[in-house]
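Data first, discussion second: the structure below is written as structure tokens.
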Amino acid sequence: MLLVAAMMFAQQADAQLKFGLKGGLNVSKFSFSEKVFDSSNRAGWFVGPSAKFTLPIVGLSMDASALYNQISSTVQNVDAASGETTVKQQTIQVPVNVRYGFGLGSLASVFVFAGPQFGFNVGDDTFNWKSSSSYENTFQLKKSQLSVNVGAGVTLNTHLQLSANYNIACGKTGDATVLDVVNNTVSTISDGRANSWQIALAYYF
């Protein structure tokens with residue numbers, strides 16, 4: 001619904017619309033070195049279609065994606081033979097970001113972005129593609145997990161995009177208010193609760 005609404009708005013405003021593919025890694029710590037890709041730093045990965053809308057206002061644009069996201073973490077489990085258990089979380093993440101960019105010449109541009117992200121659990125324990133009741137229960141917006149993205153990136157030759165953002169958990173969408181989101185965003189930056197860095201590479205056709 002968000003993608004369709006944005007597409008309609010873009011067409012009416014005579015904006016430029018591009019579709020593409022986006023993928024990347026969830027990492028615990030971000031750094032400008034090869035260590036960011038170490039296996040110990042990787043928490044998971046994501047991939048899916050994306051759309052970018054350039055609005056008829058200089059530097060302003062939007063993007064929206066539907067990403068399959070998988071995160072794994074190791075927890076202590078005294079019942080397991082190894083003493084540890086790997087917990088896997090599978091979700092569909094729908095980020096909707098407002099972007100502001102400025103050019104560095106004809107071949108590159110830099111942008112900053114921020115916006116909400118909605119997560120729907122599609123793990124085996126709660127979701128069944130063949131069950132309509134499970135489908136209706138899983139993809140209710142009020143039951144989704146709400147988070148906020150803040151980040152920056154660079155676009156090369158108008159097609160290739162590299163970005164990094166901090167994803168801040170804010171709780172369930174149905175329980176959130178504007179004041180709660182602002183307070184949680186400020187507080188979770190300091191305590192790091194369920195937050196992660198995301199590094200993404202996208203190609204828009």
Side-chain angles (χ1 to χ4, degrees), residues 1-10 17 19-28 42-53 62-75 85-99 113-151 161 163-185 187-189 192-202 204:
M1 291 177 62
L2 291 170
L3 287 172
V4 171
M7 288 171 58
M8 292 177 62
F9 176 78
L17 172 64
F19 292 99
L21 184 65
K22 184 176 183 179
L25 297 174
N26 299 296
V27 296
S28 302
R42 295 197 300 265
W45 54 271
F46 54 89
V47 65
S50 182
K52 182 172 64 173
F53 324 96
M62 296 179 62
D63 68 63
S65 306
L67 307 172
Y68 172 79
N69 184 70
Q70 181 172 299
I71 297 177
S72 299
S73 59
T74 302
V75 297
T85 297
T86 299
V87 178
K88 182 185 298 183
Q89 183 184 34
Q90 298 165 294
T91 60
I92 298 296
Q93 298 290 334
V94 182
V96 182
N97 298 309
V98 176
R99 306 154 45 121
F113 63 93
Q117 178 168 300
F118 307 96
F120 302 89
N121 186 16
V122 294
D124 293 337
D125 57 338
T126 62
F127 185 78
N128 184 348
W129 286 106
K130 297 181 180 179
S131 172
S132 61
S133 59
S134 178
Y135 173 88
E136 294 168 356
N137 183 63
T138 298
F139 287 96
Q140 292 184 44
L141 183 61
K142 65 180 180 180
K143 294 184 178 180
S144 66
Q145 295 294 320
L146 175 65
S147 58
V148 174
N149 289 321
V150 179
Q161 174 183 294
S163 63
N165 68 271
Y166 194 52
N167 181 256
I168 305 165
C170 296
K172 286 190 175 182
T173 304
D175 299 331
T177 65
V178 174
L179 184 60
D180 289 338
V181 171
V182 173
N183 290 336
N184 286 339
T185 299
S187 62
T188 54
I189 289 177
R193 181 186 58 188
N195 301 335
S196 66
W197 285 95
Q198 296 177 325
I199 301 174
L201 182 66
Y204 290 97

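Hydrogens, waters and symmetry mates are skipped; everything else that's a heavy atom, side chains included, is used. This structure is a prediction, so every number in the text was calculated from the model and none was measured.
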[atom1]-[atom2] distance between [X] and [Y], expressed to the nearest 0.5 angstrom:
| X | Y | atom1 | atom2 | answer |
| --- | --- | --- | --- | --- |
| Leu146 | Ile168 | CG | CD1 | 11.0 Å |
| Ile71 | Trp45 | CD1 | CH2 | 11.5 Å |
| Leu17 | Tyr204 | CG | OH | 10.5 Å |
| Gln89 | Gln70 | CD | CD | 10.0 Å |
| Ile92 | Phe46 | CD1 | CZ | 13.0 Å |
| Gln117 | Leu67 | CD | CG | 7.0 Å |

Could you tell me whether the side chain of Asn149 reaches within less than 4.5 Å of the side chain of Gln198, counting heavy atoms only?
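Sidechains of Asn149 and Gln198: in contact.
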For Ser163, give me all partners under side-chain contact (heavy atoms from CB on, under 4.5 Å), at least two apart in sequence or on another chain.
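Ser163: side-chain contact (heavy atoms from CB on, under 4.5 Å) contacts with Phe111, Phe113, Gln161, Ala200.
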For a quick test of reading the model, state the closest non-hydrogen atom pair linking Ser147 to Asn167 and the distance between them.
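Answer, listing the atom of Ser147 first, then Asn167: OG-ND2, 3.0 Å.
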Which atom pair, heavy atoms only, marks the closest approach of Gly48 to Leu21?
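Nearest pair, atom of Gly48 first, then Leu21: O-CD1, 3.4 Å.
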What residues, two or more places apart in sequence or in another chain, satisfy side chain to side chain donor-acceptor pair (under 3.5 Å) together with Asn97?
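Residues passing side chain to side chain donor-acceptor pair (under 3.5 Å) with Asn97: Asp63.
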